[in-house]
Amino acid sequence: MTNLWKPSRRAFIAGAAAASGLAIDAGFARVFAQGAGPIRIGVLNTFSKAVGLFGETTVRGMQVYLDEQGGTIAGRQVEIIREDDEFNPQVGLQKLRKLVESDKVHVVMGPIGSHIAIAMTDYMKQAGTPWLNTGAGATALTRLRLPNMYRTTMSNWQVASPMGEWSARNGITDVAIITSDFIAGHEVADAYKASLVAGGAKVAKEIYTPLGTNDFSAYLADIRSSGAAAIYAFLIGSEAGRFVKQFEQFGLKGKVRLTGFQPLLDSDTFPLQGRAAVGGLSSSIYCETLDTPENRHFVELHSAKSKDYPGIMTESGYTSLRIVDDAAKAVGGEIENVAGFLEAVGKVDIVAPRGPLSFDPVTHQAIHNVYVREVAEQDGRLVNKVVATFEKVGDNPANRA
Amino acid sequence: MDLFLSQALNGLVYGILLFLLAAGLSMIFGLLGVVNLAHGSFFMLGAFIGLSVMQITGSFWLAMLLAPIPVGLVAAAIEMFFLRRLYRRDRLDQVLLTFGFSFIFTDLVETVWGRDVLAIDEPPSLQNSIEFLGGFYPSYRLALLGFGLLVAFVLWRIVEHTRAGAMVRAGVDDPASAMGIGLNVPLLLTSTFALGGALAGLAGVVAGPILGVYSGLDIEVLIPAFIVVVVGGLGSLKGAFFGSLLIGMTDTLGRAYLPDMAMFLTYLMLIAVLLFRPAGLFGIAQPQ
């Protein structure tokens, strides 16, 4: 029996080796045929689990931009390679290595999870590959001053702090804070609380829920009994969906004011929330009903891809790819010129759908408007409407010190 | 409504959900001696199938009615074609088999339904909140509580007061003698496994509006269900019932009053029960 087995196994291994050799040959031929080849963009984001929709919407935004540009960036074809970090730093790091070392991407874009972004920093510092952070808001990230990272999206401090200030000024004075128990949740709560308390309001209760909480009934009962007049919540993806629904089911709607950090009440989560979201307030760097030519154009382009309005991450995908395009053009399409490309990203000064956007030269944080938005019903659809605008908000002063 | 009262209600609702899962798990362990690590998968499978039935027919009630059937059939097939071969083998082999199946089911649902978190909507008639004792409570959760109690009652009647139930009890207590007096033990094993699976599938559907529907749900519900079985006593329906309520209450009240220790409290309860009643609250110490 063993004699019969051995040759066939050997043959199998030989066959497999031969097959993989062929594959490598074909790969080489393809690269040579295309000369410089396409610009390879590695999208490391979450495409599964509770926040999976953000990976999808980020890539959708990028696709909207690519289609608008006829599929090329700075005259070169574009290859978008997406990897799912599963919202898990270990998985994220593995996939990042794959993107950088085996796919040899020119730019890394993503992630959504702050804990994943933090885990990426050491590796990215050594790899030196340009990294546009399109979704992770961890305030600490721009304090590290990674030369090759630019954050094209918000920092947690940047969005949470104005909301606290605005709330205290607008009669929201007794607040229960509920956020997910991970780095971004604590940063958002701290930034919000600091500016709320500075404005003379008080915090009735702070609750940190484990990531992956499905049932908020115990917390909602607790908030109701605390007598708080408002909730400030930061929950993401499906958790945001369920929380807002249960907020209504447990009879808090109409009695307690619902406010929160941007992803709590966004176009991406409205389908999960339905009318329970109406009247909710949130601060964000984007609002889908902004009445500017840039945003109207973007919403129009997006409507070809989805029946829903674009959300924050869709806009981030769109604008971030535009930043890659602008910077690549500035170096004549030679995105391989890493130093030149990064310098050009830093000089970007555009009017995006979200409004004016430039980068802080010290921390590499995007400087943009922060909007306070209210959820309203318009033509039978849920949309956010701008209630107040904080113009050109920069990075946390502590990060610049 | 009084805070404690509403938290206690939350705890009862969670406990009842756990019971629907743990009842089958406990009976399967009691009768077949199998630690069924695929039991959470039956729950998850029921939730996904229920979701699809609901998307096609638009009816929550049909989802509740139909989804447990294929899950029960899958369970029966696993028992007849795979598990049955392993009864004479080491327990670890059975654990490995059911563990393997749980991986297969996870991959299966990810292939068919994707990896997003989905949700089953409550039936329209139960989407509102009921006002009582000066507070609000979602009517779906109250209905779920009533439904769970009804299921518990029906199961209890079956196990304690029917011939089939007597056969199951006989099988749990002493399988060799049961076979000796002419009981069709293989049939009994298959139907218990299938019924336990179908019940888990039903639990998956009715939990859909509360817990959501996603891959990974299986492990999340399986662990507390195992704790319930150990606390309540292996193979005891009464144990599964009171164990579920105890763990449901501990978890919910823990989250409400001692949020930092909530996860730990459930395990503390488990340890306490094991120390003072090693066979569980309603378990019979097994001569091993």
Exercise. How about A:F87 and A:H115: are their ring centres within less than 6.0 Å of each other?
Worked result: yes
Exercise. Side chain, backbone, both or neither: which part of A:D84 has an atom under 4.5 Å from a heavy atom of chain B?
Worked result: side chain
Problem set entry | Lys/Arg-Asp/Glu bridge criterion (N-O < 4.0 Å) met for B:E122, B:R141 | no
Problem set entry | Donor-acceptor pair between A:E206 and A:Y208 side chains, under 3.5 angstrom | yes
Exercise. Checking heavy atoms, do the side chain of A:E248, its backbone, both or neither come under 4.5 Å from chain B?
Worked result: backbone
Seminar exercise, completed: Those residues at least two apart in sequence (or on a different chain) that pass side-chain hydrogen bond (donor to acceptor under 3.5 Å, both in side chains) with A:R257 are none
Seminar exercise, completed: Pair count under 4.5 Å, heavy atoms only, with chain B: among A:R242, A:E86, A:K245, A:E239, highest is A:R242
Exercise. Of the backbone (N, CA, C, O) and the side chain (C-beta and beyond), which part of A:F216 lies under 4.5 Å from a heavy atom of chain B, both, or neither?
Worked result: neither
Seminar exercise, completed: Pair count under 4.5 Å, heavy atoms only, with chain B: among A:P210, A:G237, A:A218, highest is A:A218
Exercise. Who wins among A:A221, A:G241, A:S238 for the most heavy-atom pairs under 4.5 Å with chain B?
Worked result: A:A221
Exercise. On the ring face of A:Y219, is B:R255 found with NZ or CZ under 6.0 Å from the centre and within 45° of the axis?
Worked result: no
Exercise. Can you find a side-chain donor-acceptor pair between B:T106 and B:D218 that sits under 3.5 Å?
Worked result: yes
Problem set entry | Part of A:K205 lying under 4.5 Å from any heavy atom of chain B | neither
Exercise. Where does B:D121 contact chain A at under 4.5 Å (heavy atoms): side chain, backbone, both or neither?
Worked result: side chain
Exercise. So, A:Y192 versus A:N156: side-chain donor-acceptor pair below 3.5 Å or not?
Worked result: no
Exercise. Would B:S139 and B:N128 count as having a side-chain donor-acceptor pair, cut-off 3.5 Å?
Worked result: yes
Problem set entry | Heavy-atom contacts under 4.5 Å, residues 240-252 of chain B to chain A | B:T252
For this session: Report yes or no: do B:W113 and B:S52 form a side-chain donor-acceptor pair below 3.5 Å?
Result: yes
Exercise. Thinking salt bridges, do A:D103 and A:K95 make one under a 4.0 Å N-O criterion?
Worked result: no
